[in-house]
There are 2 protein chains.
Amino acid sequence: MLSKGRIIDAAIALVERHGEDALSMRAVAAELDVAVMSLYNHVPSKAALLDGIAHRVMGGLELDEEAGADWKAQARTLIRAFRRVARDYPACMNLIVTHSVELPFGIRPIERALVIAASAGFDGPTSVRVMRAIIAYALGAQLRETDMVKMLDYLPADPAAAFAELDPVEFPHVTALAKELTAHDPESDFEFGLELFIGALDTLPR
Amino acid sequence: MLSKGRIIDAAIALVERHGEDALSMRAVAAELDVAVMSLYNHVPSKAALLDGIAHRVMGGLELDEEAGADWKAQARTLIRAFRRVARDYPACMNLIVTHSVELPFGIRPIERALVIAASAGFDGPTSVRVMRAIIAYALGAQLRETDMVKMLDYLPADPAAAFAELDPVEFPHVTALAKELTAHDPESDFEFGLELFIGALDTLPR
DNA sequence: ACGTAGAACGTACGATGTACGTAAAGTCGC
DNA sequence: GCGACTTTACGTACATCGTACGTTCTACGT
């Protein structure tokens, strides 16, 4: 029997195996050995299928709080939970981030973030702002990471050389830092910005 | 005479008027009173056209440095320059951000950012990290902003009511902050995070 | 046994990107 | 002026996409 759940599973598998461009209703149907239009008995549209993917993937967010940890540790844990699902479903996460899906995170992670912000001593309006800033950073880091990967594809041979060969009087820093600019360690990049952020929150008046 | 420039102009106008979904080769051709395939004499593919749009739009970035300003002011100015083009071409900016285009910013803004970071006293590798973190924030803020707009469309009548009607024992903070969560002032949200960031940079060891 | 609901299916339509061949309009050497 | 060549505009045609619509088949309550 076909079901919305099985369709979403197949779609996720398909996206992770062959990329988001491979996600077509026909491909999903083929994955399930089913006729295309049968899908529409369980999913009203492709957009709804994307929504389903988003909810399934984001539903994997670990929201448990660690007892006894201070708000900074809690915040780190929450953000890293997001990173974890991004690592487990990289292609799907791009789908979710780029095609702006309704309520991408769902309510529960939002509540969790507000709880943490409150426990850090922020008032309501500030908590909302803080949450928004961190969400922006997390989303953007995800985006930037895939941009980076694509860029490294475009410059095959030796990416660092491409930067290094620019005019060093017009672009002194870029040429000097060619190596660093093309080195790609998403995790440490992300952690750097995250600690920057949390440190900044710590200095905020409360 | 047709030209790559005119095609890009038409495409930008089209996107800003009718949204990114309206961007089709046929629509661009119609805008220019020209047959569809004529476009392909000047633009090798739709992807290349997107690239062209990105370069034209991002080329409008104001990179002049203000003499005598300290690095913090310079940084603010650079980031706000990005915000300005996002405000001038909101729909195009979404295209650029979501469809990850090769070298979205070009080299010059990167050089500029590295100059500023160096003038703040950061070493090379740290400068690159700092730049990446801020880029992530700027991209993410843009994304989050349009997600927000879409969300407010989905919840027509009174968006705050939708949040407020959730179970207040399961989501105490969300229900209490319904008003703040649906209030939308992108500029002040962005500035809040930006100042957070710059403040954090200021406390970084150098 | 029979009627009804739901699920699976097949056909078909409009929209999209673009490969390919053709024709007209310059551009150059002579 | 004239032929050779290049550039530009165009039209046709095809594969692929999402999905509206009508039809068949299966399962089940009565």
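First the proteins, then the strands, lettered A, B, ... as listed; each starts at 1.
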Starting at atom CG of B:N41, determine the distance to atom P of C:dG21, rounded to an integer number of angstrom.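 Taking CG of B:N41 and P of C:dG21, I get 15 Å after rounding.
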Rounded interatomic separation in angstrom, taking NZ from A:K4 and P from C:dG6: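 About 17 Å, once rounded to whole Å.
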Chain A on DNA chain D: first and last contacting nucleotide, 5' to 3', under 4.0 Å to a heavy atom?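 Result: D:dC17 to D:dC21.
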Side-chain polar contacts of residues 76-88 of chain B - donor-acceptor pairs under 3.5 angstrom, sequence neighbours left out - could you list them?
residue: B:R76; atom: NH1; partner: B:E195; partner atom: OE1; Å: 2.8
residue: B:R76; atom: NH1; partner: B:E195; partner atom: OE2; Å: 3.0
residue: B:T77; atom: OG1; partner: B:E66; partner atom: OE2; Å: 2.4
residue: B:T77; atom: OG1; partner: B:A73; partner atom: O; Å: 2.8
residue: B:R80; atom: NE; partner: B:E191; partner atom: OE2; Å: 3.0
residue: B:R80; atom: NH2; partner: B:E191; partner atom: OE1; Å: 2.9
residue: B:R83; atom: NH1; partner: B:E145; partner atom: OE1; Å: 3.4
residue: B:R83; atom: NH2; partner: B:E145; partner atom: OE1; Å: 3.3
residue: B:R83; atom: NH2; partner: B:E187; partner atom: OE1; Å: 3.4

Through what angle, rounded to 10 degrees, does the axis of the helix from C:dA1-D:dT30 to C:dC30-D:dG1 turn between its ends, using five pairs per end?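 About 0° separates the two local helix axes.
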Distance check: side-chain N/O of A:H42 vs OP1/OP2 of C:dG6, anything under 4.0 Å?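 No, no such contact exists.
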Do the non-hydrogen side-chain atoms of [X] and [Y] ever get within less than 4.5 Å of each other?
| X | Y | value |
| --- | --- | --- |
| B:R129 | A:E180 | no |
| A:R144 | A:P186 | no |
| B:P168 | B:L166 | no |
| B:I53 | B:L23 | yes |

Close residues, residues 31-39 of chain A, relative to DNA chain D [heavy-atom separation under 4.0 Å]: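 Heavy-atom cutoff 4.0 Å gives A:V36, A:M37.
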Output all residues satisfying side chain to side chain donor-acceptor pair (under 3.5 Å) with A:D185, sequence neighbours left out; order by chain, then residue number.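 If we apply the side chain to side chain donor-acceptor pair (under 3.5 Å) test to A:D185, skipping adjacent residues, the hits are A:S188.
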Over all heavy atoms of both residues, which pair between B:C92 and B:E16 is shortest? Give the atoms and the distance, please.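 Residues B:C92 and B:E16, closest heavy atoms: N-OE2, 2.9 Å.
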Over all atoms of both residues, closest heavy-atom pair of A:A200 and B:A200: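 For A:A200 versus B:A200, the nearest heavy atoms are CB-CB, 3.6 Å.
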Say whether, by atom type as modelled, one donor and one acceptor occur between the side chain of [X] and the main chain of [Y] under 3.5 angstrom.
| X | Y | result |
| --- | --- | --- |
| B:Y137 | A:I134 | no |
| B:T126 | B:F122 | no |
| A:Q74 | A:E65 | no |

Output a table of nitrogen or oxygen pairs between the protein and nucleotides 15-17 of chain C separated by less than 3.5 Å.
residue: C:dG17; atom: OP1; partner: B:K46; partner atom: NZ; Å: 2.7
residue: C:dG17; atom: OP2; partner: B:M25; partner atom: N; Å: 3.0
residue: C:dG17; atom: N7; partner: B:R26; partner atom: NH1; Å: 2.7
residue: C:dG17; atom: O6; partner: B:R26; partner atom: NH2; Å: 3.1

Can you check whether B:F171 and B:F163 have ring centres sitting under 6.0 Å from each other?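 Judged by ring-centre distance (under 6.0 Å), B:F171 and B:F163 do not meet the cut-off.
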Given the rule in the side-chain contact (heavy atoms from CB on, under 4.5 Å) test, do A:D9 and A:R56 qualify, once you have shown the distances and angles that lead to the verdict? CA-CA 9 Å; A:D9 288 341; A:R56 166 79 105 268; 2.6 Å; yes
